[in-house]
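Computed from a prediction, not measured in an experiment: that's the story for all the values here.
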Amino acid sequence: SIPGPRQFSLDAALQRSFPAGPHLTGLLRIDATNALNHVTYTAWNTVVGSPQFGLASAAQPMRSLRTTLRFTF
């Protein structure tokens, strides 16, 4: 096995509900994956004799945000 650096990932979510009328409620939610935008490697080059042996060959995607707005009545 090839030991590599530790993997760290932080996901976050913020949610807020607010009244939008006498019988209407709004909900705003923001979800973030990889909130700190920290690089996390997922695969390593394991071909013995390769000049890139032991180097990272794949990484997790960058930070992404998803916003949701819902109304309930």
query: Within the side chain of N45, is there an N or O that forms a donor-acceptor pair under 3.5 Å with the backbone of G54?
result: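 Such a contact is absent between N45 side chain and G54 backbone.
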Quick check for you: to the nearest 0.5 Å, what is the distance between [X] atom [atom1] and [Y] atom [atom2]?
X: N37; Y: R63; atom1: CG; atom2: CZ; result: 4.5 Å
X: L65; Y: L14; atom1: CG; atom2: CG; result: 10.0 Å
X: L36; Y: N34; atom1: CG; atom2: CG; result: 7.0 Å

Apply side-chain contact (heavy atoms from CB on, under 4.5 Å) to [X] and list each qualifying residue two or more places apart in sequence or on a separate chain.
X: A35; value: A12, A32
X: V48; value: F53
X: S9; value: D11

Any pair with a residue in [range] that passes salt bridge (charged side-chain N to carboxylate O under 4.0 Å, His left out), sequence neighbours left out, goes on the list, sorted by first then second residue, please.
range: residues 36-51; answer: none
range: residues 35-61; answer: none
range: residues 47-60; answer: none
range: residues 36-62; answer: none

- prompt: Going only through I, L, V, M, F, W and Y residues with side-chain contacts under 4.5 Å, is there a path from F71 to F73?
  reply: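 Linked within one cluster.
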Identify all side-chain donor-acceptor contacts of residues 18-30 below 3.5 Å with residues at least two apart in sequence or on another chain.
unit_1, atom_1, unit_2, atom_2, d
R29, NE, D31, OD1, 3.1
R29, NE, D31, OD2, 3.3
R29, NH1, Q15, OE1, 2.7
R29, NH2, D31, OD1, 3.2

- prompt: By salt bridge (charged side-chain N to carboxylate O under 4.0 Å, His left out), which residues pair with R70, not counting sequence neighbours?
  reply: none
- prompt: Mind checking whether W44 and T42 have side chains closer than 4.5 Å, heavy atoms only?
  reply: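 A side-chain contact under 4.5 Å is absent here.
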Results of side chain to side chain donor-acceptor pair (under 3.5 Å) for T33 - residues two or more places apart only: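 Per chain and number, T33 pairs via side chain to side chain donor-acceptor pair (under 3.5 Å) with S64.
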